[in-house]
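Since the structure comes first, as structure tokens, the remarks are kept for the end.
Every value quoted in this text rests on a predicted model; they were computed, and no experiment measured them. Remember, it's 1-based here, ligands and their atoms both numbered in the order they're listed.
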Amino acid sequence: MDCIFCAIVNGDIPSKKVYEDKFCCAFLDINPQAPVHCLVIPKEHISSCNEINETNVSVVSHIFTTIPKIAKALNLTNGYRIISNVGEDACQSVKHLHFHILGGAKLTDKMG
Ligand code: 5GP
Ligand code: ZN
């Protein structure tokens with residue numbers, strides 16, 4: 001399967017990793033949209049939030065218990081935003097589940 005984020009997990013495409021464990025990793029977005037912009041992804045390929053199910057949901061809960069640690073490591077002490085784009089209308093461009101972590105400045109209150 002041709003997946004950029006699977007290639008990043010495998011080390012075939014370089015990335016600036018900020019966190020990694022057995023189940024997930026986080027790396028800086030190549031095209032940052034905030035002073036701090038990283039992506040947190042499961043190591044296993046899940047296409048989007050639409051493909052989360054009873055079998056693979058444990059990695060998602062793991063990610064959500066890990067995000068506060070990643071945010072702390074990135075010094076996002078004043079808050080941050082978590083976004084996951086799903087499908088065409090949300091402009092999801094990489095079909096491997098990922099959570100954008102945005103922060104490092106006051107973000108716009110417009111989310112759409
Ligand atoms: P989406 O639009 O699917 O929600 O987000 C995909 C994100 O992946 C975009 O913010 C884009 O900048 C980022 N991205 C795409 N290709 C690469 C890459 O090769 N390396 C890194 N670090 N980020 C990437
Ligand atoms: Zn993948």
Tell me whether Ile46 is reachable from Val86 by hopping between hydrophobic residues (I, L, V, M, F, W, Y) whose side-chain heavy atoms are closer than 4.5 Å. no
Say whether Val57 and Phe64 are linked into one hydrophobic cluster, either directly or through other cluster members, by side-chain heavy-atom distances under 4.5 angstrom. yes
Gln92: numbered ligand 1 atoms lying under 4.0 Å from its heavy atoms: 3 (O)
Against ligand 1, does Ser15 come closer than 4.0 Å with any heavy atom? no
Return all protein N, O or S atoms below 2.8 Å from the Zn ion (ligand 2), chain by chain in residue order. Cys3 SG, Cys6 SG, His45 ND1, His96 ND1
Write out the residue and atom name of the closest protein heavy atom to atom 8 (O) of ligand 1, then the distance separating them to 0.1 Å. Phe5 CZ, 3.5 Å
Number the atoms of ligand 1 from 1 as they appear, then name those within less than 4.0 Å of a heavy atom of Asn31, with their elements. 12 (O)
Ligand 1 contacted by His100 (non-hydrogen, < 4.0 Å): yes
If you have a sec, work out which protein heavy atom is nearest atom 22 (N) of ligand 1 and how many Å separate them, to one decimal? Leu28 O, 2.9 Å
Within the structure, does His37 bring an N/O atom to less than 3.5 angstrom of an N/O atom in ligand 1? no
Quick check against the 3.5 Å criterion: does Gln92 have a side-chain atom that pairs as donor or acceptor with the backbone of Ser47? yes
Within-shell test, Ile83 vs ligand 1, heavy atom, strictly < 4.0 Å: no
I need the nearest protein heavy-atom contact for atom 1 (P) of ligand 1: residue, atom name and distance, please. His98 NE2, 3.1 Å
Is a side-chain donor or acceptor of Lys43 paired with a backbone partner of Asp21 at a separation under 3.5 angstrom? yes
Atom 9 (C) of ligand 1: which protein heavy atom is closest, and how many Å away? Asp29 OD2, 3.3 Å
Check contact between Lys16 and ligand 1, using heavy atoms of the residue and a distance below 4.0 angstrom. no
Specify the protein heavy atom at minimum distance from atom 23 (N) of ligand 1: its residue, its atom name, and the distance to 0.1 Å. Ile30 N, 3.3 Å
Under the 3.5 angstrom rule, does the side chain of His37 hit a backbone N or O of Pro35 as a donor-acceptor pair? no
Evaluate Ile8 for polar contact with ligand 1, using N/O atom pairs at a separation under 3.5 Å. no
What do you reckon, is CG of Asn78 surrounded by more than 12 foreign heavy atoms closer than 6.0 Å? no
Under 4.0 Å from ligand 1, counting heavy atoms only, is it the side chain of Cys91, its backbone, both or neither? backbone
I'd like to check the salt bridge (Lys or Arg N to Asp or Glu O under 4.0 Å) partners of Lys95; sequence neighbours left out, ordered by chain and number. none
Heavy-atom pair with the smallest gap, counting every atom of Cys24 and Ile63: CB-CG1, 3.8 Å
Just going by heavy-atom distances, which of Ala7, Gly87, Ser93 is nearest to atom 2 (O) of ligand 1? Ser93
Consider side-chain contact (heavy atoms from CB on, under 4.5 Å). Of Ile8, Val40, Val18, which one does Phe27 pass it with? Ile8
Quick check on Asp12: does its CG atom have over 12 non-hydrogen neighbours (other residues, nucleotides or ligands) under 6.0 Å away? yes
Protein heavy-atom partner closest to atom 19 (O) of ligand 1 - residue, atom, separation in Å: Ile4 CG2, 3.6 Å
When every non-hydrogen atom of Leu76 is compared with those of Gly103, the smallest separation belongs to CD2-C, 3.8 Å
Flag, side chain of His96 to backbone of Pro42, donor-acceptor distance under 3.5 Å: yes
Just distances here: any N/O of Asn85 and N/O of ligand 1 closer than 3.5 Å? yes
Does Asn56 reach the main-chain N or O of Glu51 with its side chain, forming a donor-acceptor pair under 3.5 Å? yes
Residue part near ligand 1, for Phe99, under 4.0 Å between non-hydrogen atoms: neither
In one Ile/Leu/Val/Met/Phe/Trp/Tyr side-chain cluster, 4.5 Å: Tyr19, Val60: yes
Group every Ile, Leu, Val, Met, Phe, Trp and Tyr by side-chain heavy-atom contacts under 4.5 Å, then state whether Ile82 and Leu28 land in the same group. yes
shortest atom 15 (C) of ligand 1-to-protein heavy-atom contact is with Val94 CG2, 4.1 Å
